[in-house]
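Remarks on the structure that follows.
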Amino acid sequence: MDVINAEQARIAEEAGACAVMALERVPADIRREGGVARMSDPQMIKEIVDAVTIPVMAKVRIGHFVEAQILQSIGVDYIDESEVLTPADDEHHINKHNFKVPFVCGARDLGEALRRISEGAAMIRTKGEAGTGNVVEAVRHQRAVMAQIRKASVMSEEELYAYAKDLQAPFHLLKETARLKRLPVVDFAAGGIATPADAALMMQLGCDGVFVGSGIFHSGDPAKRARAIVQAVTHYNNPKLLAEVSENLGPAMVGLTIDKDLKGGHLAARGH
Ligand SMILES: O=C(CO)[C@H](O)[C@H](O)COP(=O)(O)O
């Protein structure tokens, strides 16, 4: 769960979140306020680290390996090389093999996911369209990844060579993905998840876990919604429980439709 201070971090931990993401503004606010979004103040990240016992993740700009060096030096548990911040490099991602701290990166399809893994990403998440409260892009990205994996899983080795070229992905990673019939790393949903049902939808589409940013602390009752989303991720195949936890949550965040004039632009188009 994305949190911007120690108090929110405690709410997330009490709700059962397995990690928090420390940042100064949740994606909905970054989108609304505009300007250049950068790595958060290390002091603020340290306050969140001190407030909770669960792992703390923090974001760096795409390609900004010095922000990553700084976060690693203060001991964050994971780094998110994120399109939600303003990219620092429009061509290169960070060489994540140079770091000890594990990274998560966003992807819209299998080629993008495997390129990030080849650079050293230890976890992948859908890009979705962060800060919109609209799950449609996360669904599109997860469905794309799963459909491409299914396609690869029935290919001969000769076909996989050609498919790797199409996807602009390393052959050995594609071959391993085809054999496993899933990404060879943990695969999260992120970007636009706002309700327990959204979270369970992404789990039923094959994700291993869910990131929620704006959807919790921009809703009417953050503590209750946070607990409900944790329950929905845990029991994603149980519609009765999903109905119970979806009751009386108060207003969800106000969502944005995805159109060509999307306020703040399409964050998912950053990095490729
Ligand atoms: O990890 C992230 C992107 O780097 C965000 O936490 C995630 O995408 C949040 O999006 P939203 O605010 O729509 O839930």
Side-chain angles (χ1 to χ4, degrees), residues 1-4 8-9 12 17-33 37-40 48 55-64 67-68 71 76-88 93-94 102-108 112-113 116 121-142 186-196 198-199 201-202 207 209-219 222 225-226 229-230 232-233 252-258 262-271:
M1 287 179 201
D2 286 4
V3 298
I4 60 165
Q8 290 188 355
C18 54
V20 287
M21 171 86 71
L23 73 175
E24 269 156 24
R25 295 180 283 167
V26 291
D29 295 327
I30 292 175
R31 187 178 280 286
R32 202 184 52 242
E33 290 161 18
R38 312 179 179 91
M39 174 191 82
S40 299
I48 290 176
V56 176
M57 191 177 280
K59 288 187 202 301
V60 298
R61 285 177 269 180
I62 290 174
H64 207 315
E67 287 187 345
L71 290 187
V76 301
D77 296 291
Y78 307 102
I79 293 178
D80 182 9
E81 187 181 18
S82 179
E83 68 286 351
V84 166
L85 303 187
T86 311
H93 280 71
I94 295 172
F103 280 71
V104 61
C105 288
R108 287 164 296 178
E112 199 171 355
R116 296 295 82 78
M123 298 169 281
I124 291 295
R125 54 174 173 74
T126 59
K127 285 180 163 171
E129 202 45 64
T132 60
N134 188 339
V135 77
V136 67
E137 292 297 301
V139 168
R140 189 196 310 280
H141 301 162
Q142 183 61 13
V186 182
D187 177 22
F188 291 104
I193 291 141
T195 68
D198 288 349
L201 172 67
M202 296 310 298
C207 291
V210 173
F211 284 44
V212 191
S214 322
I216 290 176
F217 292 101
H218 268 264
S219 74
R225 186 167 292 264
I229 290 180
V230 169
V233 170
M253 75 175 276
V254 177
L256 298 171
T257 53
I258 313 284
L262 181 64
K263 185 158 173 42
H266 287 255
L267 305 184
R270 296 166 163 184

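This structure is a prediction, so every number in the text was calculated from the model and none was measured. Every number for a ligand or one of its atoms is a count from 1 in the order of the listing.
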Could you tell me whether the side chain of Glu137 and the main chain of Ala268 form a donor-acceptor pair under 3.5 Å?
no
Any carboxylate oxygen within less than 4.0 angstrom of a Lys/Arg side-chain nitrogen, looking at Glu129 and Arg31?
yes
Quick check against the 3.5 Å criterion: does Thr86 have a side-chain atom that pairs as donor or acceptor with the backbone of Ala37?
yes
Proximal protein residues to ligand 1, non-hydrogen atoms under 4.0 angstrom:
Asp2, Met21, Pro27, Lys59, Asp80, Ser82, Val84, Arg125, Ala130, Gly131, Ala190, Gly191, Gly192, Phe211, Val212, Gly213, Ser214
Please enumerate all residues that pass salt bridge (charged side-chain N to carboxylate O under 4.0 Å, His left out) together with Arg125, with sequence neighbours excluded.
Asp80, Glu83
Set of salt bridge (charged side-chain N to carboxylate O under 4.0 Å, His left out) partners for Arg32, sequence neighbours left out
Asp29
Going by the rule side-chain contact (heavy atoms from CB on, under 4.5 Å), which residues pair with Val186 if we only count those two or more places apart in sequence or in a different chain?
Met123, Phe188, Asp208
